[in-house]
Amino acid sequence: MTIVKEQDVVPFRNRVKEYAVKMGMSLVNQTKLITAASELVRNLLKYGKGGNVKIEVINQGRDNGIRLTFVDQGPGIENIELAMKDGYSTGKSMGLGLPGTKRLVSEFNIQSSVGKGTTVTIIKWKNG
Amino acid sequence: MERIPILRMGHFLLVTIQVDLYDQLAENLESDLVHMVKKTQAKGVLIDVSAVSIIDSFMGRILGNIANMSKIMDAETVVVGMQPAVAITLVELGLPLKGVYSALNVERGMQLLHSKIIFDQEEEEAEAEGDDDDHSIE
Ligand SMILES: Nc1ncnc2c1ncn2[C@@H]1O[C@H](COP(=O)(O)OP(=O)(O)O)[C@@H](O)[C@H]1O
Ligand SMILES: [Mg+2]
């Protein structure tokens, strides 16, 4: 899915929800996943100037889950460690998107290079 | 432009959010509410979020802003009906809704506001009385 404008956000969140409901994810886990997705898609738009998101259903042993990948070709993040700190923001906002998202999901991975862009991958296990 | 209606009920303003907010709608609501509080001299703002399934840090900030701005204009804000899953998620996200009271439903929210306002009035009266015979402060 391509995300280039604010109006793309709600349809994307709805798609994530559809997948989560279909797999039988609990309401709390659904809410955590969609909130995390909302934060990351907002970053992708605001800082990455838009990009691509991928939704996948994955299996590991007996558990299954949803993996979301956010890819942008924006300016990248100079200091990831700093960006992961609660309250750190270059956009005059809450600075909770990245650290909060990490707390909400089962697995969190961020890769970024300055001038090239940022890729964030998260996994939420159905029972995790 | 799409807007969320604000209802006036006596000294209070009531907003029922029926849809998951996108940013522009949330920002409009913030400025509309601040305007209305000023215009109507409302003493309280009730925001019913029972139909909202997602509150991220952006929305959370809007709610906080509404509460702060209202407070400056002497009005309390109560968020009512937050879904448990949303409340749990907000805590983990790390977003304490500072200055925002919460209640189970609109009725409870109204009771809370009434008690706040009456309490404030009594306190003010008590303070005013206290001033008369309390000389030790000077
Ligand atoms: N996709 C991205 N591209 C470039 N910079 C980003 C991206 N996502 C996050 N950042 C940087 O990391 C900081 C922290 O992000 P976040 O925790 O979501 O807080 P906030 O969005 O409130 O600024 C941002 O202020 C920004 O500088
Ligand atoms: Mg963010």
Side-chain angles (χ1 to χ4, degrees), chain A residues 3-18 20-21 25-47 68 70 83-89 91-106 108 122 124 128, chain B residues 1-4 16-32 34 47-69 77 79-100 102 104:
Chain A
I3 308 279
V4 289
K5 53 185 189 301
E6 208 201 289
Q7 283 80 354
D8 298 335
V9 170
V10 172
F12 164 65
R13 288 200 311 218
N14 291 342
R15 280 288 282 283
V16 176
K17 185 168 179 103
E18 275 168 34
V21 169
M25 195 179 269
S26 73
L27 184 60
V28 170
N29 278 358
Q30 273 179 43
T31 306
K32 288 180 181 181
L33 175 66
I34 300 162
T35 305
S38 184
E39 293 291 343
L40 294 175
V41 81
R42 193 183 295 293
N43 283 354
L44 174 138
L45 265 177
K46 183 173 172 184
Y47 303 111
L68 303 177
F70 303 77
M84 291 302 299
K85 284 216 164 81
D86 276 325
Y88 176 82
S89 172
K92 296 197 182 78
S93 41
M94 306 287 289
L96 290 174
L98 292 177
T101 293
K102 188 173 180 183
R103 287 188 287 267
L104 290 173
V105 298
S106 320
F108 178 97
I122 57 173
K124 187 78 189 169
Chain B
M1 213 188 315
E2 201 184 348
R3 292 196 115 83
I4 294 170
T16 305
I17 302 177
Q18 301 278 15
V19 292
D20 279 332
L21 292 177
Y22 53 90
D23 298 8
Q24 189 59 54
L25 205 55
E27 279 169 355
N28 289 347
L29 176 65
E30 181 183 341
S31 62
D32 288 354
V34 171
I47 306 176
D48 183 354
V49 296
S50 55
V52 175
S53 59
I54 290 293
I55 297 181
D56 63 10
S57 67
F58 180 86
M59 268 268 324
R61 181 164 75 140
I62 297 266
L63 291 177
N65 285 350
I66 291 171
N68 287 337
M69 299 294 290
T77 301
V79 169
V80 299
M82 188 181 289
Q83 293 175 18
V86 173
I88 291 167
T89 300
L90 269 179
V91 170
E92 222 162 279
L93 190 62
L95 197 81
L97 287 179
K98 279 195 205 116
V100 183
S102 61
L104 228 48

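Each chain gets a letter, A, B and so on, in the order its sequence line appears, and its residues count up from 1.
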Next item on the list: Give, as side chain, backbone, both or neither, the part of B:L90 having an atom under 4.5 angstrom from any heavy atom of chain A.
Entry: neither

Notebook entry, point to check: So, B:T89 side chain and B:A85 main chain: donor-acceptor pair closer than 3.5 Å or not?
Noted result: yes

Name every donor-acceptor pair, under 3.5 Å, that has one atom in a side chain of residues 60-68 of chain B and the other anywhere in the protein, sequence neighbours excluded.
from, atom 1, to, atom 2, distance (Å)
B:R61, NH1, A:K92, O, 3.0
B:N65, ND2, B:E30, OE2, 3.4
B:N68, ND2, B:G64, O, 3.4

Note to self: Under 4.5 Å from any heavy atom of chain B, what part of A:T101 do you find: side chain, backbone, both or neither?
What the structure shows: backbone

Note to self: Given heavy-atom pairs under 4.5 angstrom as the criterion, report whether the side chain, backbone, both or neither of A:V10 touches chain B.
What the structure shows: side chain

Next item on the list: Run the numbers on A:L68 and A:L40 for side-chain contact (heavy atoms from CB on, under 4.5 Å), then give the verdict.
Entry: CA-CA 10 Å; A:L68 303 177; A:L40 294 175; over 6 Å; no

Margin query: Strictly by salt bridge (Lys or Arg N to Asp or Glu O under 4.0 Å), give each pair with a member in residues 27-47 of chain A just once, sequence neighbours left out.
Written below: A:K32-B:E92, A:R42-B:D23, A:R42-B:D56

